[in-house]
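A short write-up of the structure that comes next.
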Amino acid sequence: YIVVDSRLPYDALSALPFAIKERYFVLFADMNTVNDVVRFLNDESVQDLIVLNNLERGVVDALETQLPEALVWSPINLQV
């Protein structure tokens with residue numbers, strides 16, 4: 001799974017080629033939806049979670065708290 005900020009939908013577009021190639025899903029998260037995203041990811045038993053770098057601090061904190069073993073940071077654009 002790849003998590004991007006819902007306020008910056010172009011991040012999803014930049015992650016899309018990588019997501020397709022590696023068979024990842026792209027999820028949008030912000031302060032209003034982060035609890036739903038965390039609940040969904042916990043239900044899916046996520047092993048790898050790529051977080052693009054422009055998420056709100058509260059979203060990052062929630063993901064780090066709930067899914068610390070799955071978190072993988074990507075501070076740059078993903079390469080295909």
Side-chain angles (χ1 to χ4, degrees):
Y1 291 91
I2 301 172
V3 178
V4 300
D5 192 322
S6 62
R7 300 171 304 157
L8 305 167
Y10 56 84
D11 279 352
L13 292 176
S14 67
L16 198 55
F18 179 82
I20 292 169
K21 180 181 179 208
E22 299 298 325
R23 304 183 60 96
Y24 277 70
F25 292 96
V26 178
L27 302 174
F28 292 96
D30 59 32
M31 290 303 297
N32 295 321
T33 62
V34 68
N35 291 331
D36 294 329
V37 169
V38 167
R39 189 172 20 260
F40 171 78
L41 292 171
N42 278 327
D43 289 345
E44 292 295 309
S45 301
V46 172
Q47 300 299 316
D48 294 320
L49 178 63
I50 298 172
V51 176
L52 293 186
N53 60 337
N54 292 322
L55 291 174
E56 296 173 84
R57 184 75 241 166
V59 173
V60 172
D61 291 344
L63 293 171
E64 285 179 333
T65 301
Q66 297 298 317
L67 302 157
E69 68 286 343
L71 214 52
V72 177
W73 286 95
S74 179
I76 57 173
N77 286 337
L78 301 170
Q79 300 298 315
V80 177

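Bear in mind the structure is a predicted one, so any value in this text is a computation, not a measurement. Residues take their numbers from the sequence shown, with the count starting at 1.
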Return the set of residues passing salt bridge (charged side-chain N to carboxylate O under 4.0 Å, His left out) with D48 (not counting sequence neighbours), or none when no residue passes. none

How would you list, by chain and number, every residue that makes a ring-ring contact (aromatic ring centres under 6.0 Å, His included) with Y1, sequence neighbours excluded? F25, F40

Which residues pass the side-chain contact (heavy atoms from CB on, under 4.5 Å) test with V34, sequence neighbours left out? V38, V59, A62

How far apart are the closest heavy atoms of F18 and I2, and which atoms are they? CD2-CD1, 3.9 Å

Hydrophobic cluster membership, L8 vs L27, 4.5 Å side-chain cutoff: no

Quick one: list whatever passes side chain to side chain donor-acceptor pair (under 3.5 Å) with N42, sequence neighbours left out. none

Salt bridge (charged side-chain N to carboxylate O under 4.0 Å, His left out): pairs with one or both residues in residues 33-44, sequence neighbours excluded: D36-R39

Flag yes if V26 and L13 sit in one hydrophobic cluster, no otherwise; membership is Ile, Leu, Val, Met, Phe, Trp, Tyr, and two members link when side-chain heavy atoms are under 4.5 Å apart. no

What's the separation between atom OH in Y24 and atom CG in L49, rounded to the nearest 0.5 Å? 9.5 Å

Residue pairs passing the salt bridge (charged side-chain N to carboxylate O under 4.0 Å, His left out) test with at least one member in residues 23-34, sequence neighbours excluded, are none

Taking only residues two or more places apart in sequence, or in another chain, which ones meet D61 in a side-chain contact (heavy atoms from CB on, under 4.5 Å)? R57, E64

Nearest heavy-atom contact between F28 and A12 is CZ-CB, 3.6 Å

Other than I20, what residues sit in its cluster of Ile, Leu, Val, Met, Phe, Trp and Tyr side chains whose heavy atoms are under 4.5 Å apart, directly or through others? L16

When every non-hydrogen atom of E56 is compared with those of R7, the smallest separation belongs to CG-NH2, 3.3 Å

